[in-house]
Amino acid sequence: MDELDPVIHASARLRITAALATLAAGDRLAFPRLQQLLEMTPGNLSTHLRKLEDAGYVEVTKAHQGRSPVTYLNLTARGRSAFEVYTASLKKLLG
Amino acid sequence: MANNDGAPISVDVAGVDHDESALSPEQMLKLVDDQQSVMVRQQLSPIPWMLGVWGIAWLIGFGLLWAAAQSGSSWISVPLVPASVAFAVLIGGAIVISTILGIRISTGVQGNSTFAGTVYGLSWLVASTGFSTVGAGLIQNGLSPELASLYFPAVFGIMAGMIYFLGAALWQEKSQLVLGSILLVAGAISPFFGAPTNNVVMALVGGGSMLIAAIVFALHLRRMA
């Protein structure tokens with residue numbers, strides 16, 4: 001443990017990751033619901049989600065509910081383990 | 001990153017957005033805890049309402065059935081037909097309200113738990129239809145109204161108890177095992193009290209324990225905040 005993961009070590013992305021980590025394995029959360037839970041603007045949330053997706057931490061699934069498209073999000077196995085390593089590192093730092 | 005020099009811990013990582021990285025490790029850890037407790041509380045917030053609605057439906061519904069069977073001999077006198085209608089409305093209302101609350105819990109969630117939640121929701125419908133059909137079959141084969149009034153509350157309690165057991169397994173929640181056991185016992189022992197006292201057992205032991213569970217759960221959620 002030398003450095004904190006720069007992808008998660010940003011308060012907005014940490015909150016997104018922490019929120020998605022509470023989902024049961026195999027579950028996805030709709031973008032509007034995540035936005036409401038985090039109280040973030042759609043633009044801000046999208047920006048941070050893209051960084052998490054680029055790092056391979058978040059999986060983005062596009063689905064259709066009737067005619068309207070819905071985006072679902074979930075942590076990948078890599079994202080979940082990065083979150084666990086990150087929180088363990090913080091706890092270790094704090095002794 | 002070693003921090004054994006006694007200096008305040010500061011974390012600086014290359015590539016971090018500067019507007020986002022100003023928080024200390026303590027603050028970051030608190031951010032994780034706060035965000036996760038918001039998620040859990042949001043998920044669980046309808047549960048005290050569900051338990052409360054069912055507790056009231058049982059307490060008043062079975063209370064009315066008991067009162068109706070007093071046949072004017074007691075201080076309370078309720079005609080049988082309105083009492084039965086009120087019972088049906090209360091139980092039906094509780095089913096509708098808890099279904100709506102259940103859908104609210106899973107809003108925006110898709111995946112494995114959607115299937116589990118749907119099966120759980122259906123189990124109420126399937127089990128109550130099954131038990132009612134058996135009751136109807138027994139009546140058709142000569143079950144007296146007196147015995148029917150012992151049968152239905154008993155199987156209703158056993159059914160609810162078993163479904164709470166299912167919920168405990170599904171969400172790994174031991175508190176539902178406690179409530180499920182109480183409802184199972186209430187249903188199973190109620191016929192021994194005879195009619196109409198069996199309804200009092202259902203109202204007080206069944207309805208009462210659901211109301212207590214609702215209050216305990218609400219306090220637990222408040223403590224998490």
Side-chain angles (χ1 to χ4, degrees), chain A residues 1-40 44 47-48 51 54-55 59 61-65 70-75 83-84 86-95, chain B residues 1-45 103-120 167 169-173 224:
Chain A
M1 193 272 298
D2 291 315
E3 278 190 347
L4 288 171
D5 188 337
V7 180
I8 307 182
H9 189 63
S11 58
R13 291 197 292 279
L14 180 61
R15 288 177 61 219
I16 296 170
T17 313
L20 291 177
T22 60
L23 290 181
D27 278 359
R28 293 178 285 274
L29 196 62
F31 184 95
R33 181 89 173 117
L34 181 63
Q35 192 207 324
Q36 175 209 342
L37 285 164
L38 296 170
E39 294 174 331
M40 287 169 76
N44 196 16
T47 308
H48 289 293
K51 286 182 185 168
D54 289 345
E59 185 182 16
T61 314
K62 309 258 185 204
H64 282 270
Q65 234 166 39
V70 192
T71 303
Y72 286 97
L73 307 146
N74 64 284
L75 282 188
F83 174 68
E84 278 158 15
Y86 178 83
T87 48
S89 305
L90 279 187
K91 283 176 189 154
K92 210 167 169 188
L93 266 177
L94 295 169
Chain B
M1 193 174 293
N3 256 292
N4 302 323
D5 54 0
I9 298 167
S10 74
V11 182
D12 201 353
V13 183
V16 169
D17 317 350
H18 287 291
D19 59 328
E20 293 284 358
S21 62
L23 298 175
S24 69
E26 288 98 331
Q27 288 168 317
M28 289 303 252
L29 212 51
K30 191 173 179 303
L31 209 58
V32 170
D33 289 341
D34 289 350
Q35 191 59 55
Q36 295 201 319
S37 99
V38 165
M39 294 290 289
V40 172
R41 267 188 291 130
Q42 277 266 351
Q43 278 260 303
L44 301 181
S45 62
I103 290 169
R104 260 188 48 194
I105 289 183
S106 57
T107 302
V109 180
Q110 193 206 43
N112 291 349
S113 65
T114 318
F115 175 75
T118 308
V119 172
Y120 179 78
L170 206 53
W171 294 291
Q172 315 216 348
E173 254 240 284
M224 278 175 70

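Here the structure is a predicted model, which means the values were calculated and not measured. Numbered from 1 within each chain, the chains take letters A, B, ... in sequence-line order.
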Between [X] and [Y], which heavy-atom pair has the shortest distance, and what is it?
X        : Y       : answer
B:Val38  : A:Leu37 : CG1-O, 4.3 Å
B:Gln110 : A:Ala63 : NE2-CB, 4.5 Å
A:Ala18  : B:Gln36 : O-NE2, 2.9 Å
A:Ile8   : B:Met28 : O-CE, 4.5 Å

Heavy-atom cut-off 4.5 Å, strictly under: side chain, backbone, both or neither for A:Ala24 against chain B? neither
Need one label for A:Tyr86: side chain, backbone, both or neither, based on atoms under 4.5 Å from any heavy atom in chain B. side chain
For A:Ile16 and B:Gln35, run side chain to side chain contact (heavy atoms under 4.5 Å, CB included): C-alpha distance rounded to whole Å, both residues' side-chain angles, the deciding distance at 0.1 Å, then the answer. CA-CA 8 Å; A:Ile16 296 170; B:Gln35 191 59 55; over 6 Å; no
Taking B:Asn112 for the side chain and A:Asp27 for the main chain, is one N or O donor matched with an acceptor at less than 3.5 Å?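 Not confirmed, B:Asn112 side chain does not pair with A:Asp27 backbone.
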Got a donor-acceptor contact below 3.5 angstrom from the A:Arg33 side chain to the B:Thr107 backbone?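 Side chain of A:Arg33 to backbone of B:Thr107, a donor-acceptor pair under 3.5 Å: yes, one is there.
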If you count every heavy atom of other residues, nucleotides or ligands that lies below 6.0 Å from B:Arg41 atom CZ, does the total exceed 12? yes
Between A:Leu38, A:Leu34, A:Leu23, A:Leu29, which shows the greatest number of heavy-atom pairs under 4.5 Å with chain B?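 With the most close heavy-atom pairs to chain B, the winner is A:Leu29.
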Max heavy-atom pairs within cutoff under 4.5 Å with chain A, candidates B:Leu31, B:Asp33, B:Val40, B:Asp34, goes to B:Leu31
Is the shortest side-chain heavy-atom distance between A:Thr22 and B:Gln42 below 4.5 Å? no
